[in-house]
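Read through the structure below, which is laid out as structure tokens, and then see the notes.
Chain A is the first sequence line, chain B the second, and so forth, proteins listed ahead of strands; every chain is numbered from 1.
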Protein chains: 2
Amino acid sequence: MAVKILLYDDNEALRQSMETLLGEEPDLEFIAGIPNAETVETDVRELKPDVVLMDIDMPGVNGVEAVRRIRRIAPQLPIIMLTVFDDNENIFRAICAGASGYILKRYASIEIPSAIRNVLTGGAPMTGTVARKVLQMIPPANNSDQEKTDLSQKEISILQLLVQGFSYKMIAAQLKISHDTVRFYIKKIYDKLHVHSATEAVSKAIKDGLV
Amino acid sequence: MAVKILLYDDNEALRQSMETLLGEEPDLEFIAGIPNAETVETDVRELKPDVVLMDIDMPGVNGVEAVRRIRRIAPQLPIIMLTVFDDNENIFRAICAGASGYILKRYASIEIPSAIRNVLTGGAPMTGTVARKVLQMIPPANNSDQEKTDLSQKEISILQLLVQGFSYKMIAAQLKISHDTVRFYIKKIYDKLHVHSATEAVSKAIKDGLV
DNA sequence: GTACTTACTACATGATAATGTAGTGGACGT
DNA sequence: ACGTCCACTACATTATCATGTAGTAAGTAC
């Protein structure tokens, strides 16, 4: 049985050409091309596609939001994003929303059939530049791994409270130590973190995963 | 001029077959196959490869560590990892270390030549299952985060400076607005974020990806 | 035009933070 | 017993922040 493919794209010409393109593949079946994703949940439920091709840039419900909606009702359904831009922002959003692949339209005509087969066998088809960008999203992490600023247990707990927006007074009350002691520790924290204000300390703490 | 390729793999047979394989590609030149990565820095400096193929599982200096070392002296040199296992741990480590691609050995014979060309044109060649795993590493994040606190452009830029630890004065100077205006905006930010201090605002800004 | 919103500036006041200096008492090694 | 760390407390000073109230100029809405 042929693989049923559902396409979302607001561009009439693209829907046409995609239908033609997929028509030439005997194992792939273009079942519908829909110009907007307003009714994406019912579409998916009724048409039961095996793969969804989703334009990222549509009026009304955009592609990323559509992916989110699909994921709520069909967590495993492969969704391949189609887009003209390979900007980080959209790629990141789409992937967080649960897209399975990400292909640039300009390569779509040659890549789509194999991308569909790829995604069905557990792959994640991506245009080369997109793959590179995805890799860059992974924390460039502990390369020069961290002379991890070693804060004492007490310093860490104070830093945590600071991150939660506690004032010195509140921290003192919480930890049952004097207000001045809180300041004493916070000063030490500043020294170790090489910062000079609570906001910097909080920023660094979160970004460096100290809390 | 042919693309110069340097291979690291402790398996003699694999080095042989890779040399044979690449010998059939006129645009690719196998310059060396080295069984261990002890001297990877000097190797790279002297042989000046255009692409490195790196086995991930070698005795002594392993592939991931080798990537780290190469990255210190050649941040841009494409490195494609070769491995028999597509376990998350290794993939993650290699990518964090700065690998450019990740290919399973069992597919290497058919994928390597195109992977090399891919990586040279800015791509990130990955075996399908690896690509899928890489996507899964991205935080499944803010699906339901929504009601995205919509800060104005100016509010965001002020928030960014705040996150960097700037004082009101510094922000005012930076943005060439009055000190009081900074406070005016920060108050609005607090309102929108439902916080009452700079530390809370910074914390929320970072955690919610507002900056 | 009047009403209303935006973007910005101004002044005032009490609270909080940042930094310095200094002292206590207990735990440590020698 | 000696010095000397460490954890904690204390006091003082200046800078900065949080919040309120209020006013101006420009732009929009009707």
field: Modelled atom types, side-chain donor and acceptor of Ser197(B) and Thr199(B), under 3.5 Å
entry: yes
Closest to side chain of [X], choosing from [options]:
{"X": "Tyr168(A)", "options": "dA17(C), dC17(D), dA10(C)", "result": "dA17(C)"}
{"X": "Lys169(A)", "options": "dC17(D), dA18(C), dT16(C)", "result": "dT16(C)"}
{"X": "Lys187(A)", "options": "dG20(C), dG20(D), dA18(C)", "result": "dG20(C)"}
{"X": "Tyr190(A)", "options": "dC17(D), dA10(C), dA18(C)", "result": "dA18(C)"}
{"X": "Lys188(A)", "options": "dA7(D), dA18(C), dT16(C)", "result": "dA7(D)"}
{"X": "Ala198(A)", "options": "dA18(D), dA18(C), dC11(D)", "result": "dA18(C)"}
{"X": "Ser197(A)", "options": "dC11(C), dC17(D), dA18(C)", "result": "dA18(C)"}

Whole-Å gap separating [atom2] ([N]) and [atom1] ([X]):
{"X": "Glu200(A)", "N": "dT16(D)", "atom1": "CD", "atom2": "P", "result": "13 Å"}
{"X": "Leu162(B)", "N": "dT16(D)", "atom1": "CG", "atom2": "C1'", "result": "12 Å"}
{"X": "Ile189(B)", "N": "dC17(D)", "atom1": "CD1", "atom2": "P", "result": "13 Å"}
{"X": "Ile177(B)", "N": "dA10(C)", "atom1": "CD1", "atom2": "P", "result": "12 Å"}
{"X": "Ile186(B)", "N": "dG20(D)", "atom1": "CD1", "atom2": "C1'", "result": "16 Å"}
{"X": "Asp191(A)", "N": "dA7(D)", "atom1": "CG", "atom2": "P", "result": "14 Å"}
{"X": "His196(A)", "N": "dG20(C)", "atom1": "NE2", "atom2": "P", "result": "10 Å"}
{"X": "Asp180(B)", "N": "dA18(D)", "atom1": "CG", "atom2": "P", "result": "14 Å"}

Give every donor-acceptor pair under 3.5 Å between a side-chain atom in residues 167-174 of chain A and any protein atom, sequence neighbours left out.
{"from": "Ser167(A)", "atom 1": "OG", "to": "Lys169(A)", "atom 2": "N", "distance (Å)": "3.4"}
{"from": "Ser167(A)", "atom 1": "OG", "to": "Met170(A)", "atom 2": "N", "distance (Å)": "3.3"}

query: NA contact type, Lys176(A), heavy-atom cut-off 4.0 Å: base, sugar-phosphate, or nothing?
result: nothing
query: Is it true that Asp43(A) and Arg69(A) have a side-chain N and a carboxylate O under 4.0 angstrom from each other?
result: no
field: Electrostatic pair Arg15(A)-Asp10(A), nearest N-O below 4.0 angstrom
entry: no
- prompt: Toward the 5' end of DNA chain C, which comes first, His179(A) or Phe184(A), by nearest nucleotide?
  reply: His179(A)
message: What's the separation between atom NZ in Lys105(A) and atom CG in Leu14(A), rounded to the nearest 0.5 Å?
response: 5.0 Å
